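Here the structure comes first, spelled out in structure tokens, and everything after it is commentary.
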Amino acid sequence: MDGVKNAILSPWSSEMGYAHFAALLLCAFMFASGTTAANQNSTGDPARPAEVRIGALFTFDSVIGKAVKPAIELAVAHVNSDPSILRGTKLSVLMQDTNCSGFVGTVEALQLLAQDVIAVLGPQSSAVAHVICHAVNELHVPLISFAATDPTLSSLEYPYFVRATQSDYYQMDAIASIISQYQWKQVIAIHVDDDYGRGGIMALGDALAKRKCKIVYKAKLPPGAANTTIENILMQVNEMESRVYVIHVNPDSGLDVFSAAKSLGMMSSGYVWIATDWLSALMDSSVHGSTDVMELTQGVLVLRQHVADSDSQKALLSKWNNLTRNGSAYSMRAYDSVWLAAHAVERFLSEGNAISFSADPNLRATKGSNLQLDSLRIFNNGNKLLENVWSVNFSGVSGPVQFTLDRNLIHPAYDILNIGGTGLRTIGYWSNISGLSVVAPEQLYSSALNSSTNNVQLHSVIWPGQISQKPRGWEFSYHGKSMRIGVPLRTSYKEFVTQDKGPDGVKGFAVDVFKAAISLLPYPVSCNFVLFGDGLKNPSYSDLVQKVSENYFDAAIGDIAIVTDRTRLVDFTQPYIESGLIIVAPAKEVESNAWAFLKPFTFQMWCVLGVIFLFVGAVVWVLEHRTNTEFRGPPRQQIMTVCWFSFSTMFFAHRENTVSALGRFVLLIWLFVVLIINSSYTASLTSLLTVQELTSGIQGLDSLISSSSAIGYQVGSFSRNYLVDELNIAESRLVPLNSPSDYARALELGSGNGGVAAIIDELPYVEIFLSKAILTLSENGNLQRIHDEWLSGTECSADNNGAASNSLSLSSFWGLFLICGLACLIALVIFFLRIYCQYSRYSNQVEVQYPEPEIVSRSARLTTIKSLISFVDKKEEEVKNALKQRPNGSQHPSIGSTATEEQST
């Protein structure tokens, strides 16, 4: 009994015979007793067994295995010595060596499951995990892996697989962020061709595609490849253009890749190497942390699972000499995996669940077979234990151990390291919350992201070849293929691009611009121009852009307009010619008529001018009437004087002189206004009579849309899609045109006669079509006026009575009229204030001279309007003389006819 127990607690031998014999012996013993797993514990609690067994699968002699084995043993010892967990139930671990073999690992896993373990830790190999997952699904035993990182293991196909480490899904997203940060577009993936390598590189391809990058080649290494095989594969890789390599291999053979790369000169300047966390696990191992490893990997970027410093980690490191401060993250994950299983079992037992097994009805012993499949039994409450595993939440030495709804550990994060000199240097971090950052992820979890706490810029890097400048990431290989440049085979407007009999096969404006641009590059570019189109009509430029996005062409040149839909597919260069949609419509000359002299001013302006002329004349008459004899006389004569004076000032031909200060003030302001009006009228009339005026039935885009006229467009241009999709113009109204001669003929015929009312096309083509007419207009000065009429406005439509009219409106002169009106108002106010003062003094003097009967006194008060008007009509000189006379004089002034009659009586 003790001997059997000691065999269970000790690590299993790598010899298959002994392992198989021990497994069969143990299975026979357990099957015979049937009660070992349910024995009463030392506390006397019948619901708790005295011992629970879990298994562990990994390769003992591997880089990861050497690190995790002592971690698992130490974790089991800590669990059994902690009275707060399992409470009298002893945790035992049965270890099996998978020997770096998928077949051996599968056999060892089945032998382990035959010993009625309730959970299995491992395996470290994703390939072995894929096979074992089917077995644990059948037997309902949770498989807790601390090193299998293949993202496909998270599939719903494997419900009993628990990943207690980070998935490569996140690691590849971190690598894609680095590649995007340094603006590399193409990478080459070097990976081991197994489930681990294929799954990780597939995730990398998806992550790169989100950032408009891609894997241009996948260099597959056979598992356990020989050095000659690795060198041959790297020589093929070195002949390709991309110099950015992502290496995703196993830590036990990964250094062979760098050794071969160094011998081929691929660790020099210009190359970029990014290694996944296999390399950090290798370098963190004390066994492999030698100077030889550093020499092979100088300048390499490497990722490592981020493990935050904690008190529990420091306490563990002080007790475990095999782990340094930069110990392997996988060893810490293995340590936490044991505690994860212990916490889950504790909750499982606390809920009153019993540990029991039953025969699998799908497995029957076959007569004459030595496989003994009936020794594999189902863990009856395995689903409940699995639920407890998913609900575990505690702080481990590797960080918080808690699972998300998609069955991954929370807070995935990686350190980004740069190998240089004799050690590793942290240049930044990546987490699923912040992306790239120079701030540790645990600091970002507890604070909101802002520009002060997060910076996507990584620290400086020493690249291969001991250079600090970022490598370009690609080179033109001597054995590489020429770039396929798509060129549209146009049938019109061949000035931009056309077929040629020369060595290039094409020529034109766009071709010359492209050649001039690539001639400025510091390296040669081999190009092969490929014509696109049938030569019968202009090709569809949208189809040409689609061919570039599908990699049928490496690039395309030509008169290709930059529109939104196309920018979603490809990248464009800086525009080298102005573009935009233009409306071309036939214009007719407007002939002048007999009433052209009225056009400088609008009708409203003419009416206001007539009124203000009369108003100013009347104001001047009021101001001059009492002092100027030229503004006195019979009523008819005075009306004629006002009208003549008003309109004669337009030509500065008035003969009446102004003698009062207020009259001269008003006249001075008015003559300034007249000067501006005369000048504006003369300039506008001159323009109308000398400049040729053109008019069109199409006033703008709105009027064209609202009409039912036919509209022309160029074959192959994006204008057709714009008219139909954006402006909702019926396709029946659109007429395809292929050449400038088609343009001219369609415009000449018109919309109702088989032609078009207008053509909508891109600016460069319109300029070529109108080149001769533009040259003529430039010479006679009419080009700018037409440009201002059609292109200077921000609105799509034009108002025939507004922007298209040259008549001056009231809005151009209301400021002058306001100044003139205020001057007249001020002068009138001052004038009537003076009249009021004179009238008051004059009225008081009459009362003093004639204090007679009351009826006479009331007449002398001059209170009637008629008396006031009579006073205003008197000459200024008479009023002043009357005011100078003394009250006891013999004569008195006659104020009005009414007062005179009363004095006579």
Side-chain angles (χ1 to χ4, degrees), residues 172 175-176 178-179 182-194 197-198 200-201 204-205 208 213-251 253-276 278-279 282 292-303 418-420 461-484 521-528 551 554:
M172 296 307 170
I175 293 177
I178 296 173
I179 294 172
Y182 290 110
Q183 299 179 353
W184 296 313
K185 295 297 183 182
Q186 298 180 350
V187 302
I188 293 177
I190 303 174
H191 66 95
V192 59
D193 193 13
D194 60 6
R198 288 189 297 267
I201 296 305
L204 176 62
L208 289 173
C213 306
K214 62 181 179 180
I215 301 175
V216 294
Y217 183 72
K218 297 178 181 179
K220 303 175 182 178
L221 300 176
N227 291 338
T228 55
T229 302
I230 296 175
E231 289 182 358
N232 292 334
I233 293 175
L234 291 184
M235 284 190 291
Q236 296 177 4
V237 168
N238 197 32
E239 292 179 353
M240 300 178 183
E241 296 178 359
S242 178
R243 289 292 184 266
V244 181
Y245 305 135
V246 176
I247 178 169
H248 186 53
V249 294
N250 294 315
S253 59
L255 282 182
D256 295 337
V257 178
F258 284 111
S259 178
K262 188 175 181 64
S263 65
L264 295 174
M266 298 175 64
M267 298 301 296
S268 57
S269 61
Y271 291 86
V272 177
W273 290 87
I274 303 176
T276 54
W278 68 266
L279 182 56
L282 175 66
D292 294 338
V293 177
M294 293 294 177
E295 291 179 359
L296 291 176
T297 57
Q298 289 292 304
V300 176
L301 293 183
V302 58
L303 272 69
N418 181 210
I419 302 176
V461 177
I462 303 299
W463 304 99
Q466 299 298 314
I467 62 173
S468 58
Q469 184 179 1
K470 184 199 78 172
R472 185 172 56 195
W474 59 274
E475 292 287 345
F476 277 105
S477 174
Y478 292 106
H479 303 285
K481 63 180 181 179
S482 300
M483 293 182 63
R484 284 173 53 88
L521 298 177
Y523 43 83
V525 180
S526 177
C527 299
N528 181 22
N551 294 324
D554 297 313

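Computed from a predicted model, the values in this text were never measured in an experiment.
Judged purely by atom type and a 3.5 angstrom limit, Arg243 has no side-chain atom pairing as donor or acceptor with the backbone of Gly270. Between the side chain of Ser242 and the backbone N or O of Gln186 there is at least one donor-acceptor pair closer than 3.5 Å.
Minimum heavy-atom separation, Ala176 to Leu204: N-CD1, 4.4 Å. Between Lys470 and Trp184, the shortest heavy-atom distance links the atoms CG-CZ2, 3.9 Å. Minimum interatomic distance between Val237 and Tyr245 (heavy atoms only, all atoms of both residues): CG1-CE2, 3.4 Å. Minimum interatomic distance between Ile233 and Ala219 (heavy atoms only, all atoms of both residues): CG2-CB, 3.7 Å. Summarising the geometry of Pro464 relative to Met267, their closest heavy-atom pair is CB-O, 3.4 Å, with the distance given to 0.1 Å. Closest heavy-atom contact between Ser468 and Ile462: CB-CD1, 4.5 Å.
Looking at Ile175 and Leu301, their side chains never come closer than 4.5 Å, going by heavy atoms from C-beta outward. Counting only heavy atoms from C-beta outward, the side chains of Val187 and Ile179 approach each other to under 4.5 Å. Counting heavy atoms from C-beta outward, Val192 and His248 have side chains that stay 4.5 Å or more apart. Between Thr276 and Leu303, the closest side-chain pair of non-hydrogen atoms is not below 4.5 Å. A 4.5 Å side-chain heavy-atom check between Thr297 and Lys262 finds every atom pair outside the cut-off. Using a 4.5 Å heavy-atom threshold, the side chains of Met240 and Val216 count as separate. Looking at heavy atoms from C-beta onward, Asn528 lies out of side-chain contact with Met483 at the 4.5 angstrom threshold.
Trp463 and Tyr182 have perpendicular rings, their planes meeting at more than 60° on a 0 to 90° scale where under 30° would count as parallel.
Shown are Val244, Val300, Asn238; of these, the side chain to side chain contact (heavy atoms under 4.5 Å, CB included) with Tyr271 is made only by Asn238. Evaluated for a side chain to side chain contact (heavy atoms under 4.5 Å, CB included) with Asp194, the options Asn250, Val249, Leu221 yield exactly one hit, Asn250.
Within 6.0 Å of NZ in Lys220 there are 12 or fewer heavy atoms belonging to other residues, nucleotides or ligands.
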